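Shown next, in structure tokens, is the structure this report addresses.
What you are looking at is a predicted structure, and each value in this text was computed from that prediction instead of being measured. Atoms within a ligand are numbered from 1 in the order they appear, just like the ligands themselves.
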Amino acid sequence: MSLNPGRLFMINKMVRALPGTRMFGLKRKLLAFAGARLGANVRIMGLKVMGPFDLQVGDNTFIGEDTFLVGAIDSRIKIGRDCDISSRVTIVTGTHELNPEGEKMAGEGFGKDIVIGNGVWIGIGSIILGGVTIGNRAIIGAGSVVTKDVPDYCVVAGNPAKIIKKYDNVLKIWEKA
Ligand SMILES: CC(C)(COP(=O)(O)OP(=O)(O)OC[C@H]1O[C@@H](n2cnc3c(N)ncnc32)[C@H](O)[C@@H]1OP(=O)(O)O)[C@@H](O)C(=O)NCCC(=O)NCCS
């Protein structure tokens, strides 16, 4: 189910006018009215959602202040359960064909789905680009630009984001990359 951009216009303004740390139930209802599918206990501080994409957020996920979700038509942003998405994070499915022979380098626009697993922590100011899948319990360091898939239990950081360490879930130890 796609978001309704006409409803989003008003709902973005309403959500951002509400106090960051309260009224999570009302924010959920407003975004659901615009077509978002939000699980139980999704806590949103303040975000802006733009575009007619399919938005799904799992139970108990937290989304910080000034986070920006932008999606092209026919694309999808799926965020798992128990995630912590910090403030000023941008998640953008849309991009353009590279168009060196045309008037504009930004050729035809299109979207690539983004899937974020369960228990993921995304650090402040990060950017997640279209086509990326972030594995379960991954960590995205502050200010990262994620251009490629991130495996489960990995910590990535930087621009472009690279693996800095990985948690071995069998030995219960961190391994440096
Ligand atoms: C990714 C993060 C969790 C890693 O923490 P950590 O395991 O303690 O990692 P370290 O501090 O030991 O850093 C390991 C290496 O990664 C680098 N690094 C850590 N975070 C980085 C980042 N965000 N961007 C680029 N490099 C980073 C360090 O400089 C260090 O490099 P070195 O080995 O060359 O010295 C942490 O740095 C981070 O970004 N936290 C997010 C903070 C945030 O967003 N807070 C908002 C509230 S939710």
Inset, instruction - Note the single closest protein heavy atom to atom 19 (C) of ligand 1, along with its residue, its atom name and the distance in Å. - result: Ile164 CD1, 4.1 Å

Inset, instruction - Considering heavy atoms of the protein only, find what lies nearest to atom 7 (O) of ligand 1 and give residue, atom and distance to 0.1 Å. - result: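 For this ligand atom, the closest protein heavy atom is Lys165 NZ, 2.7 Å.
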
I'd like to know if [atom] has any protein heavy atom within a distance of less than 4.0 Å.
atom: atom 39 (O) of ligand 1; result: yes
atom: atom 16 (O) of ligand 1; result: yes
atom: atom 12 (O) of ligand 1; result: no
atom: atom 1 (C) of ligand 1; result: yes
atom: atom 33 (O) of ligand 1; result: yes
atom: atom 21 (C) of ligand 1; result: yes
atom: atom 46 (C) of ligand 1; result: yes
atom: atom 5 (O) of ligand 1; result: no

Atom indices of ligand 1, in the order listed, that fall short of 4.0 Å to a heavy atom of [X]:
X: Val155; answer: 1 (C)
X: Gly141; answer: 1 (C), 23 (N), 39 (O)
X: Gly158; answer: 24 (N), 25 (C)
X: Ala157; answer: 21 (C), 22 (C), 24 (N), 25 (C), 26 (N), 27 (C)
X: Lys176; answer: 33 (O)
X: Gly123; answer: 44 (O)

Inset, instruction - Using side chain to side chain contact (heavy atoms under 4.5 Å, CB included) as the criterion, point out the one residue from Val146, Ile79, Val70, Ile127 that pairs with Ile91. - result: Ile79

Inset, instruction - Among Val89, Thr90, Ile124, find the one that has a side chain to side chain contact (heavy atoms under 4.5 Å, CB included) with Thr67. - result: Val89

Legend entry - Heavy atoms of other groups near Arg76 CZ, more than 12 under 6.0 Å: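 Yes.
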
Inset, instruction - Tell me, yes or no, whether the heavy-atom count around Arg81 atom CZ, taken from other residues, nucleotides or ligands under 6.0 Å, exceeds 12. - result: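 No, not enclosed.
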
Legend entry - Closest heavy-atom pair and its distance - Cys154, Ile163: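 Minimum heavy-atom contact is SG-CD1, 3.9 Å.
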
Legend entry - Which atom of Ser144 lies closest to which atom of Ala157, heavy atoms considered: OG-CA, 3.3 Å

Inset, instruction - Decide, yes or no, whether a salt bridge links Lys78 with Asp54 under the criterion of side-chain N to carboxylate O below 4.0 Å. - result: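 Looking at Asp54 together with Lys78, the answer is no, because their closest N to O distance does not fall below 4.0 Å.
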
Inset, instruction - Is it possible for you to check whether Lys165 lies under 6.0 Å from the centre of the six-membered ring of Tyr167, through NZ or CZ, and within 45° of that ring's axis? - result: no

Please determine if [X] has a nitrogen or oxygen closer than 3.5 Å to a nitrogen or oxygen of ligand 1.
X: Ala142; answer: yes
X: Ile124; answer: yes
X: Ser144; answer: no

Inset, instruction - Mind running side chain to side chain contact (heavy atoms under 4.5 Å, CB included) on Leu47 and Leu31 for me, showing each step along the way? - result: CA-CA 10 Å; Leu47 88 176; Leu31 284 157; 3.9 Å; yes

Legend entry - Reported CH2-to-SG distance for the pair Trp121 and Cys83, which is rounded to 0.5 angstrom: 13.0 Å

Legend entry - Proximity flag Trp121 to ligand 1, non-hydrogen atoms under 4.0 Å: yes

Legend entry - ILVMFWY network linking Leu30 to Phe24, side-chain heavy atoms under 4.5 angstrom: no

Legend entry - pair Ile140-Val156: side-chain heavy atoms closer than 4.5 Å: yes

Legend entry - Beyond-backbone contact of Asn12 with Val49, side-chain heavy atoms, under 4.5 angstrom: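 SC-SC contact between Asn12 and Val49 confirmed.
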
Inset, instruction - Give the contacting part of Ser86 toward ligand 1: side chain, backbone, both or neither, where contact means a heavy-atom distance below 4.0 Å. - result: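 For Ser86, the contact with ligand 1 is made by the side chain alone.
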
Inset, instruction - Have a look at ligand 1 and work out which part of Ile140, if any, has a heavy atom under 4.0 Å from it: side chain, backbone, both or neither. - result: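 No part of Ile140 comes within reach of ligand 1.
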
